[in-house]
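Please read the structure below before turning to the comments.
In what follows, chains are A, B, ... by sequence order, proteins preceding strands, each numbered from 1.
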Amino acid sequence: MTTTPRYRFAPSPTGFFHVGGARTALYNWALTLREGGTFVLRIEDTDESRNEPQWTQGIIDALAWLGINNDHPQFEGPYFQSANAQAHIDAAMKLFAEGKAYFCDLTGEQVQERAKASGKPGYDGFSRDRGLEAGPGRVLRFRVPAGETVVHDLVRGEVKFDNATIEDFVLLRGNGSPMFLLANVVDDQIMNITHVVRAEEHLPNTPKQQMIWNALNVAPPTWAHVPVLVNEQRKKLSKRRDKVAVEQYREEGILPESMVNYLMTLGWAPAGDTEIVPWQHIVDTFRLEDVNHSPAFFDIQKLQAFNGEYIRKMPLEVFIAECEPFLTGETMPWPAGNFKQDIFRGMAELVQTRVTALTEVPAMIDFFFLDEPAIDDASWAKATKDEWASAVLSETQTAYATAEWNHDSLKAVIEQVGEKHGLKLGKVQAPIRVAITGRTVGPPLFESLELLGRETTLARLAAASQRLAK
RNA sequence: GGCCCCAUCGUCUAGUGGCCUAGGACACCACCCUCUCAAGGUGGCGGCACGGGUUCGAAUCCCGUUGGGGCUGCCA
């Protein structure tokens, strides 16, 4: 009889959802999907001092955004670790009854003092044979057996630990509440978890947990410890120091497809010469055995490059629809109500190749919807510094008053103006562009003018001439 | 300090003893294209940490050194 694999992702709700956590979740999810298993989401909320309910919802929302949600029959949860507290305590007491754990009345400070005095770090097993019963303030410690613990890890291979180097760790706090090491194991047993795929920082915990599994007479799961994600200093990504919130990347216009694809390439690569591959391809080919052993730098620049590619790959209609939330609403740079969908539609294709995040779209087309273009001083100075600028502006204005209003002819007009002054199109267009858009860079000018319309164009050219005359 | 993990271009990686004169991607540079900016195209820069083995042959296996990281909590 073969049991279907059961993977799990067990975050603790102590802050925004971390990109490292997202990658771990994705690894589990990909494996679940390919193997026809189950993905269990379990919120590890046993640290009452740090948990906040809103973070739980944040995790669920962020996972859903990445495509991990209960629309899929293979998704199970969320469960809450706190709901199993009694089972954790029962398991602990079973270990105590069997002599596999014992109570200790030393406080944390006392443990430290003893360690300092003896010169050996950690707990020294002071209460091992004192036969203490449960009581207020007494912690339950696991009696680490002599010998060696060998962890079989799908990405690391065999990792051996000398039990003598592992202290008798705490199972139950002085107030009776279960600790992570225990709760985590008991929950995995209750939920029939077969594969524990998590970040490498948990590797030192694994021999301890494996001993708990054995002490509880249950065969441990298959372990896999994937490398951590690091910052440019090659330190583990931290919520305090680094930009790690999945939510934030979402707000900044990163597409879930890009995030998913990029995260999967940290520590692993699809076969062949392309990294941008469909999720289904990843599901079909991802293997833990192929995961790299060393930490990976989370490179925002590369994430953005992925995102740019995903944006460009979108069918135009999809792009237009996806931009919608970023173009309407209070925070837009233009007066409410000024946005015109048909103008954006006309520009969309030209905008699409020029952004790496959807949040960049408004700035690309703001001049259409602003009553006056927002003139950037540096751009203005650069584009109008030549003595011919004034003449170009006024001559263009005159010609545009009667020109045929389509981008080809608008372009031809400027070419003629340029020719008169011995200037190439690249040069002459500069003052016009600044007059109309406020900047020296932006989407193609003549298509923009066509959509802007004659009236506004002439008004802006006139305004620019006036400004230049001052 | 102790335990554990890791080590290919700046970064992410391919590589599982001969296919490696080490491949791709991001970034960077140049050129082409071009109304600006992009996109696209072409090319360039740039790496097996070091030292010993093993082997006919090593980026690939072994040992050591060095360097990095994680853990070392009545957090998870």
Using distance only, find each side-chain donor-acceptor pair of residues 348-355 of chain A under 3.5 Å and give its atom names and separation, not counting sequence neighbours.
{"residue": "Gln352(A)", "atom": "NE2", "partner": "Ile311(A)", "partner atom": "O", "Å": "2.7"}
{"residue": "Gln352(A)", "atom": "NE2", "partner": "Met314(A)", "partner atom": "O", "Å": "2.9"}
{"residue": "Arg354(A)", "atom": "NH1", "partner": "Leu350(A)", "partner atom": "O", "Å": "2.7"}

* What residue pairs, at least two apart or across chains, pass ring-ring contact (aromatic ring centres under 6.0 Å, His included) with a residue in residues 139-171 of chain A? -> Phe142(A)-Phe169(A)

* **Sequence neighbours excluded - ring-ring contact (aromatic ring centres under 6.0 Å, His included) pairs with any residue from residues 297-319 of chain A** => Tyr249(A)-Phe298(A), Tyr262(A)-Phe298(A), Tyr262(A)-Phe306(A)

* Any residue of residues 158-167 of chain A with a heavy atom less than 4.0 Å from an atom of RNA chain B -> Val159(A), Lys160(A), Phe161(A), Thr165(A)

* Asked: Considering only heavy atoms, which members of residues 425-436 of chain A lie under 4.0 Å from some atom of RNA chain B?
  -> Leu425(A), Gly426(A), Gln429(A), Arg433(A)

* Pairs flagged by salt bridge (Lys or Arg N to Asp or Glu O under 4.0 Å) wherever residues 410-432 of chain A is involved - sequence neighbours left out -> Glu395(A)-Lys420(A)

* Using the test salt bridge (charged side-chain N to carboxylate O under 4.0 Å, His left out), find all partners of Arg156(A) that sit at least two apart in sequence or belong to another chain. => Glu200(A)

Residues 267-275 of chain A side chain polar contacts: donor-acceptor under 3.5 Å, at least two apart:
{"residue": "Glu275(A)", "atom": "OE1", "partner": "Lys302(A)", "partner atom": "NZ", "Å": "3.1"}
{"residue": "Glu275(A)", "atom": "OE2", "partner": "Lys302(A)", "partner atom": "NZ", "Å": "3.2"}

* Structure fact -> Per-nucleotide protein contact along nucleotides 8-13 of chain B, 5' to 3', at a 4.0 Å heavy-atom cut-off (B base, S sugar-phosphate only, - neither), is ---SBS

Return a table of donor-acceptor pairs under 3.5 angstrom between the side chains of residues 378-386 of chain A and protein atoms on other chains or two or more places apart.
{"residue": "Ser379(A)", "atom": "OG", "partner": "Asp376(A)", "partner atom": "OD2", "Å": "2.6"}
{"residue": "Thr384(A)", "atom": "OG1", "partner": "Trp380(A)", "partner atom": "O", "Å": "2.6"}

* To do: Go through the structure and list residues passing ring pair (Phe, Tyr, Trp, His ring centres under 6.0 Å) with Phe39(A), not counting sequence neighbours.
  => Trp29(A), Phe75(A)

Output a table of nitrogen or oxygen pairs between the protein and nucleotides 30-34 of chain B separated by less than 3.5 Å.
none

